[in-house]
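Written out below as structure tokens is the structure these notes cover.
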Amino acid sequence: MADKNESFETKDFGWMVAMSILFLVLVAVCFWLEFSTEWGGYQLEFPQLLGHYGKVEDARDFQAGIKQIWIPKIGVTDRCITCHLGYEWSSVLPATIAEPLKPHPMNDMIAKHEFAKFGCTPCHGGDGAATTIAGAHQGGTGWEDPMLSNALAAQNGLTMNEMIQMRCNFCHRHDVATPGMDEINLAKVLFKKKKCLLCHVVEARGGTTGPELTYEGDRNPELLIFTHVQGEHTMFNWNVQHLTKASAVSPSTAMPDFNFKPEESRALTLMLMSWRRLSYPPEYIPDPEVAAAAMQPSPTSTPTPTPSATPVAR
Amino acid sequence: MGDKIKALWRKTSWAWSPESERESSEAIVKNFWLHWFPAKVARASMDWNYSFWLGTASASLLLILTITGVMLMFFYVPSTERAYGSIKDLQYAVSFGRLLRNQHRWAAEGMVAVVYIHMARVFFTGAYRGPRAVNWVVGVVLFLATLFLSFTGYLLPWDQLAFWAITVGTSIAKQAPFVGPTIQFILLGGHEIGQQTLLRFYVLHVFFLPVLAWVLFAYHMWRVRKDGGLAAVERVRNERVMAPKATPKTKSYSLFGLTPGTSVQVMSSTGLEESDQVFSSPNMSRRIALVFLVVFNITLLAAILFNAPLEGLANPSVTPNPAKAPWYFVWLQELVASTTVRFGGYTVSGALLGGILLPGFLLAVLTLWPWLDRSPLRAGGRWLAPERKRQNLTFAIATLAIIVLIMVGVYLRGPYWRIYWPGQPRPETPRLY
Amino acid sequence: MDGERRKILRFIGKGSVLAAFLAQIGAAGRAFFPNVLYEPPSRFKLKRPDDYPDGYTLDEAHRLYVIRQKEAFHVISAICTHLGCNVQWRDTEFDCPCHGSRFRPDGTVISGPAPRPLDWFATTVSPDGFLEVDSGKDVARDFRLVIGGKGQA
């Protein structure tokens, strides 16, 4: 080759080598990222934990990888169990185990809401499709439905068990009263007592003085006016303060100042925010009368068996 | 055995690493991939500082987008019920899915910028003059295809960002006089953005526009060959002044035997000399490979460092505040938002003025520019020729204005499209709880 | 730069590109192996043992029969071993509607084109008290899952 061609080869040689090595380095980084998942460590820990509690065969059969509960009927694709591996092991693992491996608490009520039928997010919120902690718990930008946590509940002056009732009411909306949903039950009682339907339409019944509340839980928080609202600009705060003293939040309102106690306002707000456009198949909607009957203490009823001990046969 | 393998390897790859000038020439004629290259290419065309190889970078990005795009097609579902979930799956449940999607997104945004900068380079070097005017027009169409590819792709994730950006974009299209509503009707497949819109945008994005881009790209390359290479070649030709060459001593036959003397007067050629050129294979093919590697590395690095945005599921009832077009269209949105004119009882909508008429005018001027340009032909093929001061200044000012509008739209506009200066607190978006 | 160093660097450069390219092909190949399946998993939960009556109960969604004899459970696949249709339990035998294969109550073939007996699936009780079937694991025809006490004990 003539000298002139050499010069191009010389000019480009250094860059070609450098870019080639950089290419390999970047691809190696991609592989490293792919294998350093947030859930990988927990999946190494879990079989050891199972073995420690005597479940040697299950520990041996454990397969690593993304795990999901898929329920197309209700649009659930929950990968929470990729980290929360102990969820179905309350009969073996103690509740003192740290998150995320700790077993899901178990009692009669929870036993009725089987994991295979409900998944996780209908009750807990969050983005079930995600496999990172931030992605699943808070969700990405603009994700409206963060996971209900102790911290989030505390921010709103509630406990987790109180706040989660908002989501229970997605299906139990038409129960007159439901065992285990004290706050919502209180809200339903107040709703009747204070005759909200005089001014508001809810499910095609009521007056038109005030806005329709049938799907109040779907309302866009940005449409609310927060000028006179104390604290954070959340729909929860707005409703609590509006229910307590409507004229303080909306000076020109026709709604009377009910002066509810704080727990009453919070209960009513939980109920209002539970009213969303959701379509669950009929087998998910509880029979209102069954729930009401369960509220009555009956001397002849036998408690439903609690799955507690390990199964016998193998 | 080792020799046989080496011989086989040599047989298949000789064209890419020719070992003689003859092999270099033959490579162009005998190899399918190389047949579109000239046997030799001017050194001036190879110069980094002339073209910055932006055209090659644009083509590299198109190739990266095509490959990553085809891979994404195995996972993405163009249904309003499933699109969002399929993107989430890519992000969280498909091996390397996050990186694949990211690389596609950043290559796409990069391509809009690189194609524009390539166009600016062609303009500032006056490389659209003369016969190259046709290729300029082809380039403008390629630029529009790039923009439209980006626009159709933007809708596919079916999140709030996508849905409302396309709402803004198609509403601007509706304002075109006479044909506007019909164009919007065909684009959307109806009056609202829905399943039919998603499907149309999907087919446009994965089939029609890529085919158009590749076919036009091939024609774009063909025109470069027909036009005699890059415009830098014209500069080299212009610099070759016709001057008498030193006359070679020669012998001539006279009546009495050999007589020493000189032969005919020869002028130096105004064509390219051998010293001006190098063999395309391997020099140009090597640089193309290098540019591709650099571009690939940059997009991969961006994919590793930054996630492609994904907001909440598209909700036709809730408009995000503010709702912005993608950055390469946000300058249009700025124009639309600020050019509504009211006089007397009449209102001229900003969507018509700033969204259709002004950009339409700019596009027409851009396309017809080679025929509007009055600078001397000799000024082409080099950077910022003084004879082209007026033309270059016009383009620079227009580009600067567009960049300023983009910056304002992206960084300074907050809720209700009000201006918020850096440091000025913005109202927090209310949440549920 | 002298020839020897050049040669090594050139080798490193080409080697890097080749390795990275092959790794990319590998990554692309890996991406095509789904990590999550949108289909019923091969291992799944049914109802609680107490929800099943004695005898043969068809589970259409999972294409199997749950057979209970007092406290002993076993699960037989309803998928005909001939060409995959669902067999029907007819009180004394399984009949396949597609090509007429007949099977005994334990799944062995009486007559017809079916080449093998019906599969028996490994069945256990899940930690939270549901019957759990592993359709990827076969067991012998003497398998019984015996459950002691009410529910489980």
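If you're wondering where the values come from, they're calculated on a predicted model, not measured in any experiment. Order of the sequence lines sets the chain letters (A, B, ...), proteins ahead of strands, with each chain counted from 1.
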### Within 6.0 Å of CZ in C:F21, more than 12 heavy atoms from elsewhere
no
### Query
Between C:L18 and chain A, which part of the residue has a heavy atom less than 4.5 Å away: side chain, backbone, both or neither?
neither
### Message
If you compare all heavy atoms of C:S16 against all heavy atoms of A:S20, which two are closest, and at what distance to 0.1 Å?
### Response
CB-O, 3.3 Å
### Task
Between chain A and each of C:G26, C:G13, C:A20, count heavy-atom pairs under 4.5 Å; write down the option with the most.
C:A20
#### Entry: A:W70 atom CH2, over 12 foreign heavy atoms within 6.0 Å
yes
### Query
Per the side-chain contact (heavy atoms from CB on, under 4.5 Å) rule, which among A:I66, A:T131, A:T77 passes with C:V36?
A:I66
### Task
Validate the cation-pi geometry between C:R10 and A:F13: distance from NZ or CZ to the six-membered ring centre under 6.0 Å, angle to the ring axis within 45°.
no
### Task
Taking the side chain as every heavy atom from C-beta outward, state whether C:K14 and A:M16 have any atom pair closer than 4.5 Å.
no
### Summary
Under 4.5 Å to a heavy atom of chain C? For A:W89 that would be both
## Note on the structure
C:L9 and A:V17 have their tightest heavy-atom pair at O-CG2, 3.7 Å
### Task
Quick one: pull up CD in A:E57 and OG1 in C:T124 and give me the separation to the nearest 0.5 Å.
9.5 Å
### Query
Are any of the side-chain heavy atoms of A:Q63 and C:R43 separated by less than 4.5 Å?
no
### Residues A:E114, C:K47: salt bridge by 4.0 Å N-O rule
no
### Message
Test side chain to side chain contact (heavy atoms under 4.5 Å, CB included) on C:K45 and A:E88; report intermediate values, then the result.
### Response
CA-CA 12 Å; C:K45 292 180 191 168; A:E88 54 180 356; 2.6 Å; yes
### Task
Answer yes or no: are there more than 12 heavy-atom neighbours, outside A:E99 itself, under 6.0 Å from its atom CD?
yes
### CG-CD distance between A:L24 and C:Q24, expressed to the nearest 0.5 angstrom
10.5 Å
### Summary
Max heavy-atom pairs within cutoff under 4.5 Å with chain C, candidates A:Q68, A:R79, A:K117, A:M19, goes to A:Q68
### Task
Measure across A:S91 and C:P127 and return the closest heavy-atom pair with its distance rounded to 0.1 Å.
OG-O, 2.9 Å
### Task
State whether the number of non-hydrogen atoms from other residues, nucleotides or ligands found under 6.0 Å of C:F11 atom CZ is greater than 12.
no
## Note on the structure
Ranking A:Y87, A:F23, A:F31, A:F115 by heavy-atom pairs under 4.5 Å to chain C gives rank one to A:F23
